[in-house]
Amino acid sequence: MSLSLRRKLRCAMVGGGRDAFIGRVHRHAMALDGRIELVAGALSSQPEKARASGRDLGLRDERNHGSWQALLAHELLLPADQRIDFVVIVTPNDVHYEVAKAFADAGVHVVCDKPLVHTSEQAAELAQIVERRGTVFGVTYNYSGYPMVREAREMVRAGVIGEVRKVVVEYHQGWLATQPAGNKQAEWRADPARSGAAGAIADIGSHAENLVATVTGLRIESLCADLHAFVPGRRLDDDASLLLRFHGGARGVLIASQIAAGCENDLRLRVFGSLGTLDWRQETPDRLVHARIDGPRQILTRGSPWLSEAAQRACRTPAGHPEAFIEAFANVYRGVCADIHARLAGSRADPIEADYPRIEDGARGVRFIEKAVQSAASAHKWTAFLD
Ligand SMILES: NC(=O)c1ccc[n+]([C@@H]2O[C@H](COP(=O)([O-])OP(=O)(O)OC[C@H]3O[C@@H](n4cnc5c(N)ncnc54)[C@H](O)[C@@H]3O)[C@@H](O)[C@H]2O)c1
């Protein structure tokens, strides 16, 4: 069935109220393909602010709630043809688990931002619920949605750079080089009760881990982590340097730093193979550099007809009209929608369309964070990942 014949999917949002950061990005991304309608919400931890935020977005009063518990209870009373298809969780990290668990257990599909939850036990429990209920569960590792990241993945899979020997992934931000006063995003990220047991390695290191896994398919066998907090009084790491060993013998370096003064979102992945190297940077996301051992260097650009089908289908505009963060985010939503539509139709989703990070990716990210923290605290350092 063509998508044009299908109805829009109905969704609710938890978090993402006035002054929140990523909830707005999710709403922009959801709007891009016209396949999703935001019909309900519990948009803030403060009930009045939640309702005011919902009014801003035009939510009807009866579906504009002061708490996620009220939202879920109300949805479960609605007939199936009005009820939400999925919920989006864009709260600080400490709230993800209870909301995701409650909605997934009620049979509602879920999109949750990263890091998925605080502990691997929580992640394993969520994965069991998702398996038992047969629900779709997307995790917004949004960098996996960039067309040129998908192109890099397809090139690695096709053996274009030969055997992968080494991976270097770096994510440098500078916005936490000080503790900015009155910045609520900075406040909760520095609070172990809300952020979890790790700082930069969780907040952006988990994106880096996912990017490596997405592009190379390699799984970490063991890691050695040095985590440090530079800003006085900060209780969680703001700088992380890791050595990685992968199953099969490849080696890697992962850097995640939020004290790289002056840097913005400088995420870079380099994959060194026996025949060549791939080099992608998030701040110039439409370009992928392919350096060969036996020929001239090529700069591949998004939207070109010679890219893989996976990369081409992730594009919305022709080459030279830049796409970026919101479009990549929208590709995660496109994948989730394809999977939900297929389930509604009792069919299997097209795998190129249903290309999105799932609960297993989120759970692996949580284990990665735990192992990095464990390694940093140990004298031995090298720590088995046992993925
Ligand atoms: N994928 C990405 O690129 C990306 C980028 C930034 C943040 N994130 C993740 O998104 C999440 C939110 O981050 P942010 O920077 O937008 O935070 P934020 O502080 O800007 O927004 C959090 C929102 O959640 C609301 N909230 C808190 N508790 C709630 C509850 N119990 N019920 C309903 N709403 C509640 C807050 O009121 C606020 O509106 C975090 O998990 C973060 O790691 C992901």
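When a residue number appears, it is its place in the shown sequence, counting from 1. Each ligand, and each atom within it, is numbered from 1 in the order the structure gives.
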Return yes when atom [atom1] of [X] has more than 12 non-hydrogen atoms of other residues, nucleotides or ligands closer than 6.0 Å, and no otherwise.
X: Glu131; atom1: CD; value: no
X: Arg287; atom1: CZ; value: no
X: Arg60; atom1: CZ; value: no

Is there side-chain contact between Asp203 and Ser195, with heavy atoms separated by less than 4.5 Å?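 No - every pair of side-chain heavy atoms lies 4.5 Å or more apart.
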Non-hydrogen atoms of [X] versus ligand 1: any pair closer than 4.0 Å?
X: Arg18; value: no
X: Val25; value: no
X: Gln46; value: no

For the hydrophobic clusters of this structure (ILVMFWY residues joined by side-chain heavy atoms under 4.5 Å, transitively), does one cluster hold both Tyr333 and Val136? yes
Output yes when Arg281 and Glu283 qualify as a salt bridge under the 4.0 Å nitrogen-oxygen rule, no when they do not.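 No, Arg281 and Glu283 are not salt-bridged.
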Flag the pair Asp105 and Arg132 as a salt bridge only when some basic side-chain nitrogen lies within less than 4.0 angstrom of an acidic carboxylate oxygen. yes
Given that the side chain starts at C-beta and the backbone is N, CA, C, O, which of these parts of [X] lies under 4.0 Å from ligand 1, counting heavy atoms, or is it both or neither?
X: Lys49; answer: neither
X: Ser44; answer: both
X: Arg189; answer: side chain
X: Tyr141; answer: neither
X: Val99; answer: neither
X: Ile22; answer: both
X: Thr91; answer: both

Should the pair Arg364 and Phe368 be classed as cation-pi, given the thresholds of under 6.0 Å to the six-membered ring centre and 45° from the axis? no
Relative to the heavy atoms of Asn142, which atoms of ligand 1 are at a distance of less than 4.0 Å? 1 (N), 2 (C), 3 (O)
In the protein, what heavy atom is nearest to atom 44 (C) of ligand 1, and what distance, to one decimal place, separates them?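 Looking at atom 44 (C) of ligand 1, the protein heavy atom closest to it is Asp113 OD1, 3.0 Å.
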Return the closest protein heavy atom for atom 29 (C) of ligand 1 as residue, atom name and distance. Ser45 CB, 3.6 Å
Kindly confirm or rule out an N or O of Trp68 lying under 3.5 angstrom from an N or O of ligand 1.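 No; every N/O pair is 3.5 Å or more apart.
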Counting only nitrogen or oxygen atoms and a 3.5 angstrom limit, does Pro92 reach ligand 1?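 For ligand 1, there is no N or O atom that lies under 3.5 Å from one belonging to Pro92.
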Hey, what's the ring geometry for Tyr143 with Tyr146, parallel, tilted or perpendicular (30° and 60° as the breaks)?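 Ring orientation, 0 to 90° scale: parallel.
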Steps toward side chain to side chain contact (heavy atoms under 4.5 Å, CB included) verdict (Lys101, Leu126): CA-CA 6 Å; Lys101 184 177 165 189; Leu126 263 189; 4.1 Å; yes
